[in-house]
*Asks:* 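Structure provided below as structure tokens; questions to follow.
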Number of protein chains: 2
Amino acid sequence: MDTTARKNSLKRFFKKHRRLPSYSEMLHLFGLSSKNAVFKIVQRWIAEGFLKKEGRKLAPTSRFFSLPLLGLVKAGFPILSEEDKKYLTLDDYLIEDPVSSFLLTVSGDSLHEIGIFEGDIVVVERRKNALPGDIVLAEIDREWTLKILRRDRLNNRLYLASANSKYPPFYPQTELTIHGIVKAVIRKLRN
Amino acid sequence: MDTTARKNSLKRFFKKHRRLPSYSEMLHLFGLSSKNAVFKIVQRWIAEGFLKKEGRKLAPTSRFFSLPLLGLVKAGFPILSEEDKKYLTLDDYLIEDPVSSFLLTVSGDSLHEIGIFEGDIVVVERRKNALPGDIVLAEIDREWTLKILRRDRLNNRLYLASANSKYPPFYPQTELTIHGIVKAVIRKLRN
DNA sequence: TGACAAAGTGAACAATTGTTTACTATACTT
DNA sequence: AAGTATAGTAAACAATTGTTCACTTTGTCA
């Protein structure tokens, strides 16, 4: 069992148990018989940034979870040079503040032209303010909706716009309240 | 500090350190002065499925990480009744097999009409076969590209199609190799 | 007001943790 | 073949862990 295989078995352990194994557990996981062997392996992984330690507490780094992020090069397989390789942890990338975030299933085709389709999932962050151009979860005249926030250049009023030419803009009759802004769009294509 | 506040501080701790705090750490985290108080709180959380325990090892459950998944109801704030509430863990939802998956930044507008834009990130799973209709990472006549796989009804041959009327379909001159299929599309809208 | 459950305190305990030290086996290099 | 890193074994250790027991405080409701 080489280093890569051990790293993968660690990842699978974390995926299954949602925690890192203790040194004694790694012993069996890696097929070793001395805790000190594990100790040395872990130290190497800490040095290369695969794991980290606070005091004597072991934890994964962001690289532990991350997937390689590649760019598409027409000439060949899209792998960047090792030094330029970037890694991305989806959860970190998408969810900044898990406490104030929630997900929303998109219904309707009013945002179709900006690539938000029925059935997509959007990550919404709860907040009261937004900037023109943001896609917002808003309450307009007591009706909840997902639209683009815009500011009318003439009278400086805020209104809601669709991204589908068959829907008109919505100017609030009485009130317009922002409840959250869309931070990300997610679409799953195949199981 | 009530239960919800404590749960949130636990989530923030995990978000920051990528591990659960020990009981002694929770002591300070929750503003308590007896480990036994923490012990009882944790036991309650285990009972309700927020945390779990294997032996004496504490770990978060999937609910710990998950965000509430809501549907948009025009009449009011889009929260489903407690029993119907669904939770989704993004990482679990998007990445089935972390070992064979990677991310790709989309370049070009050839998939624009199916809502995949330049700069979007797609989750690609390495594999050699795909079905017509799948969005594939393919090598066509030694050129790498991201397109829709289709089968010509007349001659039964596979070819690649764009989702943008200004691009023609691509019929392979010599060879067409599938290297992976797109499982999900991700777009980040605002920092 | 009194009763009773829920929430927290404080101290003690065995088990397990990560770490250290000393030694052995395996693999590489020149 | 000799020399030298690298990888693994074995045993011992203090520190910290999760747990238990007995007790006190706080809040709730009849």
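Quantities reported herein were computed from a predicted structural model and do not represent experimental measurements. All chains are named by letter (A, B, ...) in the order of the sequence lines, taking the proteins before the strands, and each is independently numbered beginning at 1.
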*Asks:* Examine D/dT9: is either OP1 or OP2 under 4.0 Å from a nitrogen or oxygen in the side chain of A/S33? Give yes or no.
*Replies:*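 Indeed, a polar side-chain atom of A/S33 lies that close.
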*Asks:* Measure across A/E118 and A/S107 and return the closest heavy-atom pair with its distance rounded to 0.1 Å.
*Replies:*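 In terms of heavy atoms, the two residues are closest at OE2-CA, 3.9 Å.
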*Asks:* For A/N36 and D/dT6, what is the distance between atoms CG and P respectively, to the nearest whole Å?
*Replies:*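 Spelled out: CG on A/N36 to P on D/dT6 is 15 Å.
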*Asks:* If we ignore hydrogens and angles and just use 3.5 Å, is the side chain of B/D141 paired with the main-chain N or O of B/E175 as donor and acceptor?
*Replies:*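 A pair under 3.5 Å: yes.
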*Asks:* Tell me: CG of A/L27 to P of D/dA10, nearest whole Å?
*Replies:*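 Going from CG in A/L27 over to P in D/dA10 covers 10 Å.
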*Asks:* Walking along DNA chain C from 5' to 3', note the first and the last nucleotide with an atom under 4.0 Å from a heavy atom of chain B, and give both.
*Replies:*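 The contact span of chain B on DNA chain C goes from C/dA7 to C/dT17.
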*Asks:* Does the cation-pi check pass for A/R18 over B/F64, that is, NZ or CZ under 6.0 Å from the six-membered ring centre and within 45° of its axis?
*Replies:*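 Output no; distance or angle outside limits.
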*Asks:* Look at the rings of A/F39 and A/Y23 and say which category their plane angle falls in: under 30° parallel, 30 to 60° tilted, over 60° perpendicular.
*Replies:*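 It falls in the tilted class, 30° to 60°.
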*Asks:* Report which part of the nucleic acid B/K57 touches: base, sugar-phosphate, or nothing (heavy-atom distance under 4.0 Å, all strands).
*Replies:*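 Contact class for B/K57: sugar-phosphate only.
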*Asks:* Please indicate whether A/Q173 has more than 12 foreign heavy atoms, meaning atoms of other residues, nucleotides or ligands, lying under 6.0 Å from its CD.
*Replies:*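 It does not: A/Q173 CD has 12 such atoms or fewer within range.
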*Asks:* Would you name the heavy atoms of B/L67 and A/P98 that are closest together and state the gap between them?
*Replies:*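 That closest heavy-atom pairing would be CD2-O, 3.5 Å.
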*Asks:* Find the distance A/D2:CG to D/dA7:C1' and express it as a whole number of Å.
*Replies:*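 After rounding, the gap between these two atoms is 14 Å.
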*Asks:* If you assign A/F39 and B/L32 each to the DNA chain C nucleotide with the nearest heavy atom, which residue ends up on the more 5' nucleotide?
*Replies:*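 The residue closer to the strand's 5' end, by nearest nucleotide, is B/L32.
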